[in-house]
Enquirer: 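Below you will find the structure I want to go over with you.
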Amino acid sequence: MTSTVESTTARAAAAPAPAPSRLRRTVRTSEFTLVALAVIGFVALTLTTDGNMLSAGTLAAFFRFLAVPMIIGLAQMVVLAIGQMNLSVGVLTGFCAMVAAWAMLEAGLPAPLAVAGAMLLGAAVGLGNGLLVVFTRINAFIVTLATMTIIDGLRYGVNGPGTYQDYSAGLAELGQASLVGLPVVFLIACAVAVMVWFFFARTVPGRHLLASGGSPFAARLSGVSNDRSIVLAHALSGLLAGVAAVLTLAQSGSVNATIGDDLLLPSFAAPIIGGVALAGGVVSVLGTSLAAFIVRLVDVAQAQFAINRRWVDLIVGAVVLGVVLSGAIRTKLSRRSS
């Protein structure tokens with residue numbers, strides 16, 4: 001009898017620990033942390049503004065101006081998926097917006113054609129970035145830094161310091177329209193986010209991008225073309241910048257040569273805070289969107305309490321740096337333990 005009990009106890013001790021519950025796994029994810037931070041930040045901002053955040057006009061404005069940062073974050077995320085960066089994503093958004101406004105006002109094109117042209121232009125520039133990286137073997141950081149400078153000059157060359165406005169009544173109505181209480185431009189951004197998620201989670205090219213970012217050597221041994229993944233990622237990033245340009249046209253009502261100057265830091269902040277790996281191979285559409293929401297809360301707080309914009313940039317930049325450093329430390333510790 002004693003031996004039976006002892007053998008049973010030994011088997012129980014040797015048995016693996018039960019897997020953590022689904023709830024526990026969910027709580028440990030970065031997305032859950034971001035949801036908690038978003039809720040806490042929103043409640044805190046609501047309380048400190050005496051409930052002003054809950055007014056219909058404030059909520060509509062909040063979500064309306066969240067649309068572009070969400071798309072810009074996703075545009076950067078798809079390039080980070082292969083372990084590269086796109087420094088031109090902000091100025092490309094402004095350039096596409098300027099060209100579309102020029103097409104409507106100067107060339108007389110209807111708004112649908114101008115909108116399609118903006119997205120195609122963004123995809124074409126992104127395609128060019130990818131081809132340059134592949135054929136020259138120059139780091140994407142350098143290539144997109146160069147194209148950022150070129151596009152910045154081209155953006156100014158469209159209309160100089162002048163402003164384009166009153167280019168399309170239909171786009172202006174779209175920018176102010178609401179559906180089920182939410183701005184249409186925000187719902188469009190959510191639809192784009194779902195399509196990006198579907199691309200990475202359910203399509204072969206999306207999985208190839210993650211494979212190339214996670215381990216280019218293993219991907220090549222599996223028959224995945226890393227060069228094709230690089231070109232596709234940059235083209236998709238440019239296409240998303242074109243979509244952001246269209247949303248900018250709709251919600252702002254006027255564009256000039258400064259459009260896009262303030263989008264570079266948010267483009268990195270959203271995916272990095274959202275859990276996207278700088279080394280590639282890991283993406284999080286939900287995390288990127290939630291991080292864009294949190295950064296938008298910071299922007300609202302800055303406007304509400306008249307905080308100097310430089311302090312906000314310092315805080316966001318410090319958070320991004322902290323996330324990158326903590327990720328590097330975790331990676332180093334895991335390598336040592338293994």
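Computed from heavy atoms alone, side chains included, the values below leave out hydrogens, waters and symmetry copies.
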Enquirer: Nearest 0.5 Å, please: how far is CG in Leu34 from CD1 in Ile294?
Expert: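 It is 5.0 Å, given to the nearest 0.5 Å.
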Enquirer: Please identify each residue that fulfils ring pair (Phe, Tyr, Trp, His ring centres under 6.0 Å) with Phe293, with sequence neighbours left out.
Expert: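 By the ring pair (Phe, Tyr, Trp, His ring centres under 6.0 Å) rule, Phe293 matches Phe62.
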Enquirer: Look only at the side chain of Ser55 and the backbone of Asn52, and say whether a donor-acceptor pair between them is shorter than 3.5 Å.
Expert: yes
Enquirer: Taking the side chain as everything from C-beta on, heavy atoms only, tell me whether Phe199 gets closer than 4.5 Å to Arg207.
Expert: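 Counting from C-beta outward, Phe199 and Arg207 never come under 4.5 Å.
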Enquirer: So do Gln251 and Gln176 actually touch side chain to side chain, heavy atoms under 4.5 Å?
Expert: no
Enquirer: Rounded to the nearest 0.5 Å, what's the gap from CD1 on Ile82 to CG on Leu210? Could you check?
Expert: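 Nearest 0.5 Å value for the CD1-CG distance: 10.5 Å.
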Enquirer: What pairs with Phe42 under ring pair (Phe, Tyr, Trp, His ring centres under 6.0 Å), at least two apart in sequence or on another chain?
Expert: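 Here no residue qualifies.
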Enquirer: Do you know the tightest heavy-atom contact between Gly175 and Val185?
Expert: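 That closest heavy-atom pairing would be CA-CG1, 4.0 Å.
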Enquirer: Answer whether the closest heavy-atom distance between the side chains of Asn159 and Asn256 falls below 4.5 Å.
Expert: no
Enquirer: Assess whether atom CZ of Arg228 is packed by more than 12 heavy atoms of other residues, nucleotides or ligands within 6.0 Å.
Expert: no
Enquirer: Would you say that Pro69 contacts Val295 through its side chain, given a criterion of any heavy-atom pair below 4.5 Å between the two side chains?
Expert: no
Enquirer: Do the side chains of Leu286 and Trp197 get nearer than 4.5 Å, heavy atoms only?
Expert: no
Enquirer: Please confirm whether the backbone N or O of Gln165 pairs with a side-chain atom of Ser254, one donor and one acceptor, at under 3.5 Å?
Expert: no
Enquirer: Please give me the minimum heavy-atom distance between Gly122 and Leu92, naming the atom from each residue.
Expert: O-CD2, 3.9 Å
Enquirer: For a quick test of your reading: what N or O donor-acceptor pairs under 3.5 Å do the side chains of residues 263-280 make, sequence neighbours left out?
Expert:
from	atom 1	to	atom 2	distance (Å)
Ser267	OG	Gln76	NE2	3.1
Ser267	OG	Leu264	O	2.6

Enquirer: List for me each residue that meets ring pair (Phe, Tyr, Trp, His ring centres under 6.0 Å) alongside Tyr164, sequence neighbours excluded, and say none if there are none.
Expert: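 With sequence neighbours excluded, Tyr164 shows a ring pair (Phe, Tyr, Trp, His ring centres under 6.0 Å) to no residue whatsoever.
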Enquirer: Looking at Val78, is its backbone amide N or carbonyl O close enough to the side chain of Ser237 to form a donor-acceptor pair, meaning the two atoms are under 3.5 Å apart?
Expert: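 Side chain of Ser237 to backbone of Val78: no pair is present.
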Enquirer: Hey, is the main chain of Pro216 close enough, under 3.5 Å, to the side chain of Asn226 for a donor-acceptor pair?
Expert: yes
Enquirer: Atom CG in Leu74, atom OG1 in Thr288: separation rounded to 0.5 Å?
Expert: 6.0 Å
Enquirer: Can you name the side-chain hydrogen bond (donor to acceptor under 3.5 Å, both in side chains) partners of Thr49, sequence neighbours left out?
Expert: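 Result, side-chain hydrogen bond (donor to acceptor under 3.5 Å, both in side chains) vs Thr49: none returned.
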Enquirer: Taking the side chain as every heavy atom from C-beta outward, state whether Val115 and Leu171 have any pair of such atoms under 4.5 Å apart.
Expert: yes
Enquirer: Would you check, one step at a time, whether the test side chain to side chain contact (heavy atoms under 4.5 Å, CB included) holds for Val133 with Thr136?
Expert: CA-CA 6 Å; Val133 172; Thr136 64; 5.6 Å; no
Enquirer: Quick one, Val224 and Ser229 - any side-chain contact, counting heavy atoms below 4.5 Å?
Expert: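 Contact flag for Val224/Ser229 side chains = yes.
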Enquirer: Among residues at least two apart in sequence or on other chains, which ones pass ring pair (Phe, Tyr, Trp, His ring centres under 6.0 Å) with Phe63?
Expert: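 Counting only residues at least two positions away or on another chain, Phe63 forms a ring pair (Phe, Tyr, Trp, His ring centres under 6.0 Å) with Phe186.
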Enquirer: By the salt bridge (charged side-chain N to carboxylate O under 4.0 Å, His left out) test, which pairs, at least two apart or in different chains, include something from residues 257-267?
Expert: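 Residue pairs passing salt bridge (charged side-chain N to carboxylate O under 4.0 Å, His left out), neighbours aside: Arg155-Asp261.
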Enquirer: Show every salt bridge (charged side-chain N to carboxylate O under 4.0 Å, His left out) that has at least one partner inside residues 293-303, sequence neighbours left out.
Expert: Asp299-Arg309
Enquirer: On a heavy-atom basis, which atom in His234 and which in Asn129 lie closest, and how many Å separate them?
Expert: ND1-CB, 4.0 Å
Enquirer: What's the separation between atom OG1 in Thr258 and atom CG in Asp152, rounded to the nearest 0.5 Å?
Expert: 10.5 Å
Enquirer: Which pairs of donor and acceptor atoms, one on a side chain in residues 98-108, lie under 3.5 Å apart (sequence neighbours left out)?
Expert:
none

Enquirer: Restricting to side-chain contact (heavy atoms from CB on, under 4.5 Å), what partner residues turn up for Ser284, sequence neighbours left out?
Expert: Glu31
Enquirer: May I ask you to decide if Ala211's main-chain N or O and Ser215's side chain share a donor-acceptor pair within less than 3.5 Å?
Expert: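 Checked: no pair found.
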Enquirer: Please answer whether the main-chain N or O of Thr248 pairs with a side-chain N or O of Ser252 as donor and acceptor at a distance below 3.5 Å.
Expert: yes
Enquirer: Tell me the salt bridge (charged side-chain N to carboxylate O under 4.0 Å, His left out) pairs involving residues 125-143, sequence neighbours left out?
Expert: Arg137-Asp227
Enquirer: With clusters built from Ile, Leu, Val, Met, Phe, Trp and Tyr whose side-chain heavy atoms come within less than 4.5 Å, directly or transitively, what are the remaining members of the cluster of Leu221, listed by chain and number?
Expert: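 ILVMFWY cluster around Leu221 also holds Phe217.
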